[in-house]
Amino acid sequence: MTSPAKLQEGPAPRREMSEQPSSAPFVTWFRSVAPYVNLFRGKTFLIAFGGKAIAGQLARTLAYDVNLLAALGVRLVLVHGARPQIEKLLRQRGLASVYHGNYRVTDAQAIGCVIDAVGRIYVEIEALLSQGLADTPMANSTIRVVGGNFITARPVGVVDGVDLQYSGQVRKIDAEGIRAQLGLGNIVLLSCIGSSPTGEIFNLAMEEVAEAVATSLLADKLIFLTDSPGATDIDGALLDELTVEAAERLISLGDWLSADLRRYLPCAVRSSRAGVGRVHLIGYDEDGTLLRELFTHDGVGTVITRESLEQLRDARADDIGGLVALIEPLEEDGTLVRRSREMLEREITRFSIVEHDGIIVGCAALYPYGEGQAELACLAVHPHYRRWGYGALLMKRIEARARASGVTRLFVLTTVTAHWFKERGFTARQIDDLPAERRLVYNLQRRSSVLMKEL
């Protein structure tokens with residue numbers, strides 16, 4: 001029964017508009033990931049992870065993120081390992097764990113532990129990817145997980161006089177069968193065991209399975225979840241990106257690399273050389289690293305590519321949109337002089353740009369004035385990339401273009417970066433030192449400093 005006091009209460013007061021939580025950060029973020037959603041739809045990603053990753057506390061949220069990728073239209077193949085789980089079973093059964101090089105010596109008793117451990121993990125992953133509770137990110141999910149005899153194996157054989165017995169290597173991948181399942185919208189889940197044409201079962205290295213499958217499918221991305229945030233230098237600093245040549249040097253020198261990286265990096269290099277689009281190395285011990293690596297421009301791990309993600313080149317007509325996006329904020333705060341889109345279209349050949357991973361992050365322009373003089377103008381670098389030295393790189397490019405066209409004196413007008421230019425060989429001059437044509441359009445209200453450099 002409703003109490004009299006309750007009947008006397010009016011409706012709960014509405015919050016004032018100023019009290020409402022701002023949706024701007026969410027809207028901005030959501031819009032920022034849209035290009036990645038469009039780019040990734042229909043692409044093939046292979047995600048590889050060892051037994052440690054699936055045994056950790058973040059296995060459930062990793063499943064959420066994998067399911068989200070599938071819901072966005074990414075064609076997913078998962079490859080899992082089981083090293084710690086196999087080790088545990090061997091200990092429980094009183095069996096020794098024996099290695100020769102990178103391979104486990106898998107005898108008849110050990111292969112039983114391998115089959116049991118791998119089978120258990122497979123079922124656990126399948127269960128994680130089948131969640132559908134209303135209060136989880138996988139609510140209303142209808143994604144199917146499938147496996148199959150997609151991997152044909154062969155024995156490693158005898159190495160340095162040691163018979164590795166049931167340790168194997170990948171002999172063949174049924175790429176057509178995997179593509180058929182991906183085409184139906186299924187997630188393909190593969191383990192680190194394979195069978196031979198004679199019906200024998202072999203223990204495979206997870207990273208070698210991932211490499212073979214990604215190469216056979218010519219996957220757009222191969223993603224290794226590792227025990228490290230990514231590849232690092234000798235001081236422990238994360239290396240954001242590596243070419244295959246740089247990765248090979250790191251393999252030969254990187255005694256400091258984690259156990260996972262020492263196993264995965266050679267596979268990453270071979271995969272990249274064989275045609276896999278990009279290989280990512282990211283940590284598994286922090287929530288959301290998979291999404292942050294894929295849906296933010298900076299990422300959180302290491303990406304390995306055949307060629308550098310950085311490109312310094314002359315601007316083209318189809319770069320106008322990227323240039324506008326780069327320089328508009330600097331025009332708004334008065335750092336740069338405003339340029340209309342029409343002006344940019346007319347003068348696009350004067351610009352050089354730095355492109356990083358397909359996005360224009362820096363620009364500069366060269367305006368000749370005759371008598372061996374030219375202006376370095378509109379030098380701009382995105383705030384996130386200013387520590388990368390792109391400003392100096394662009395300046396050198398403009399200087400090279402100037403010399404090639406017979407320019408002997410380069411000048412710049414700036415309101416806020418005079419010291420930066422002075423550190424790079426420019427000296428302060430007077431307005432009267434400018435070419436007559438440039439003096440006529442000098443903006444006295446901006447009071448820009450005039451600096452010059454003899455080439």
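- Atom CG of Asn102 has 12 or fewer neighbouring heavy atoms from other residues, nucleotides or ligands inside a 6.0 Å radius.
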Thr243 and Arg306: CA distance, side-chain angles, deciding distance, side chain to side chain donor-acceptor pair (under 3.5 Å) verdict | CA-CA 5 Å; Thr243 61; Arg306 287 186 297 280; over 6 Å; no
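- Annotation: side chain of Ile223 is in contact with side chain of Leu294 (closest heavy-atom distance under 4.5 Å).
- Ion pairing between a basic and an acidic side chain is recognised when a charged N comes within 4.0 Å of a carboxylate O; Arg270 and Glu211 show such pairing.
- Using a 4.5 Å cut-off on side-chain heavy atoms (C-beta onward), Glu331 and Val337 make no contact.
- Aromatic pair His280/Phe45: centroids not less than 6.0 angstrom apart.
- Salt bridge status for Arg60 with Asp287: absent, with no side-chain N to carboxylate O gap under 4.0 Å.
- Taking a cutoff of 4.0 Å between a charged side-chain nitrogen and a carboxylate oxygen, Arg75 and Asp220 do not qualify as a salt bridge.
- We find that Arg93 and Asp116 are joined by a salt bridge, their nearest charged nitrogen and carboxylate oxygen being less than 4.0 Å apart.
- When ring centroids are compared, His382 and His356 stay outside the 6.0 Å threshold.
- Heavy atoms from other residues, nucleotides or ligands lying under 6.0 Å from CZ of Phe30 number 12 at most.
- Glu124 and Arg120 are joined by a salt bridge, as a carboxylate oxygen and a charged side-chain nitrogen come within less than 4.0 angstrom of each other.
- Using a 30° and 60° split on the angle between ring planes, Phe26 and Trp29 fall in the tilted class, from 30° to 60°.
- Enclosure of atom OH in Tyr284 by more than 12 non-hydrogen atoms of other residues, nucleotides or ligands within 6.0 angstrom is indicated.
- One side chain, Glu208 or Tyr103, offers a donor N or O that lies under 3.5 Å from an acceptor on the other.
- Residues Ile304 and Arg278 fail the side-chain proximity criterion, which asks for heavy atoms closer than 4.5 Å.
- Within a 6.0 Å radius of CD in Glu423, other residues, nucleotides and ligands contribute more than 12 heavy atoms.
- With respect to Glu248 and Arg273, a salt bridge is recorded, a charged nitrogen being found less than 4.0 Å from a carboxylate O.
- Taking the ring centre of Trp388 as origin, the terminal cationic atom of Arg386 falls outside the region bounded by 6.0 Å and 45° from the ring axis.
- The shortest distance between side-chain heavy atoms of Ser352 and Arg401 falls below 4.5 Å.
- Leu46 pairs in a side chain to side chain contact (heavy atoms under 4.5 Å, CB included) with only one of the listed residues (Val188, Val279, Thr215, Leu222), which is Leu222.
- Leu239 is listed as a side-chain neighbour of Leu250, based on a closest heavy-atom distance under 4.5 Å.
- A 4.5 Å side-chain heavy-atom check between Ser195 and Thr152 finds every atom pair outside the cut-off.
- Few gaps surround NZ on Lys43; more than 12 heavy atoms of other groups in view lie less than 6.0 Å from it.
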What's the verdict on side chain to side chain donor-acceptor pair (under 3.5 Å) for Asp333 and Thr335, showing C-alpha distance, side-chain angles and the deciding distance?
-> CA-CA 6 Å; Asp333 66 17; Thr335 302; 2.7 Å; yes
